[in-house]
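The structure under discussion appears below in the form of structure tokens.
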Amino acid sequence: MVNTHFHWDHWHGNEVYPAAYPGAEIITNQLTREAMVRKGLKRIQDHVRQVPAEVTRLRAELAAATTTEQRAKLQADLRLAESYLAEVRALKPALPTMAFERTMKLYRRDREIHLLYLGRAHTEGDVFVYLPRERTVITGDAVIGWTPYMGDGYPEDWVATIDRLAELDFDTIIMGHGNPAGREWLRTFRGYIHDMVEAVREGVATGASLDEVKQRVPPRLAPAYEKAFATYEHYRPWRTGLLANIERTYAMVS
Ligand SMILES: [Zn+2]
């Protein structure tokens, strides 16, 4: 069992694996394990405190909703929030039992598994799982099928990390979110981050404010990337994701 990074949707529920497979190890790298201890555990407590308010808000909005669409959407959101609250309250966080620094190689009967740290990207400690024989790499959220979440990320380091990943010999990418893809998608994804960071840097260099950068950059990126990144529009709208990415990058650059 491998944790690729410290985000809730990638390690909550760890505890079921050793319960189902006694003696099972949970592996990650040192940076991610530290991030789980420092930030992940605290976020669980934050969720336990914050989600009840979210449930109350959704209930009030549902009571006030006027259209069928609004009601259906709010009902679905409410169900999700309520079941998440029950889950997060019952959570018994299980930290990884093994941690590596840069590389760990596992040799199993008919599978060779390389665990790699290639630099900062989506978080400070993203783990890549490389299966050389299957010519496949598993990326966690350092590469995903839609606009990346950068709230805990390092946009300025991300491209170099992807370039180190690209040096490996593989055909298939299994991503943290989205359908499996080939190297073509990696080029598009890298291009998006590269061009976005460069455009924000340029804005900062000319003394532009965050609001000005948020107006200037989207029209520059849209022709090359909007179509490719809008595949999951219902899930993460391209524009919302891009503006959040610009904000994070602007804060990191300036
Ligand atoms: Zn993530």
Side-chain angles (χ1 to χ4, degrees), residues 1-17 26-48 50-51 54 80-81 84 87-88 91 93-96 99-100 115-130 136-162 164-165 173-181 185-186 188-190 192-193 196-197 228-229 231-238 240-249 251-252:
M1 161 84 176
V2 177
N3 290 146
T4 56
H5 62 295
F6 81 96
H7 282 158
W8 62 287
D9 53 328
H10 296 265
W11 78 286
H12 289 186
N14 267 1
E15 63 270 26
V16 305
Y17 290 89
I26 301 168
I27 312 174
T28 193
N29 68 7
Q30 198 58 49
L31 290 169
T32 286
R33 195 180 187 286
E34 279 162 21
M36 287 169 177
V37 172
R38 231 177 39 249
K39 298 185 276 194
L41 293 174
K42 183 182 169 297
R43 286 187 192 182
I44 293 172
Q45 295 316 312
D46 291 345
H47 288 187
V48 170
Q50 291 159 357
V51 181
E54 169 80 1
L80 200 65
Y84 179 64
E87 273 177 32
V88 80
L91 201 69
L95 290 164
F100 66 96
L115 307 179
L116 309 169
Y117 174 65
L118 301 173
R120 303 193 293 191
H122 175 67
T123 66
E124 62 267 63
D126 302 292
V127 173
F128 294 93
V129 181
Y130 176 46
T136 295
V137 70
I138 298 156
T139 63
D141 291 351
V143 184
I144 62 167
W146 56 79
T147 321
Y149 172 70
M150 292 188 168
D152 294 306
Y154 296 85
E156 292 178 279
D157 297 354
W158 206 313
V159 167
T161 301
I162 288 182
R164 285 187 279 274
L165 175 71
I173 312 170
I174 298 174
M175 305 183 278
H177 302 274
N179 292 327
W185 175 252
L186 192 64
T188 305
F189 190 85
R190 178 204 186 275
Y192 164 74
I193 296 173
M196 189 274 298
V197 170
F229 280 88
T231 326
Y232 296 88
E233 194 62 17
H234 58 289
Y235 192 81
R236 186 130 205 259
W238 147 260
T240 316
L242 172 57
L243 290 175
N245 289 174
I246 292 171
E247 268 179 43
R248 173 71 175 179
T249 307
M252 300 296 269

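Every number for a ligand or one of its atoms is a count from 1 in the order of the listing.
Taking the N/O/S atoms of H7 in turn, the shortest distance to the Zn ion (ligand 1) belongs to ND1. The Zn ion (ligand 1) lies closest to atom OD2 when only the N/O/S atoms of D141 are considered.
Using a 4.5 Å cut-off on side-chain heavy atoms (C-beta onward), W11 and T28 make no contact.
Judged purely by atom type and a 3.5 angstrom limit, R248 uses its side chain to pair as donor or acceptor with the backbone of G153.
Minimum interatomic distance between F229 and T188 (heavy atoms only, all atoms of both residues): CE1-CG2, 4.1 Å.
Look at H5 and the Zn ion (ligand 1): an N/O/S atom of the residue is under 2.8 Å from the metal.
Checked against the 6.0 Å centroid threshold, Y149 and H7 count as a close aromatic pair.
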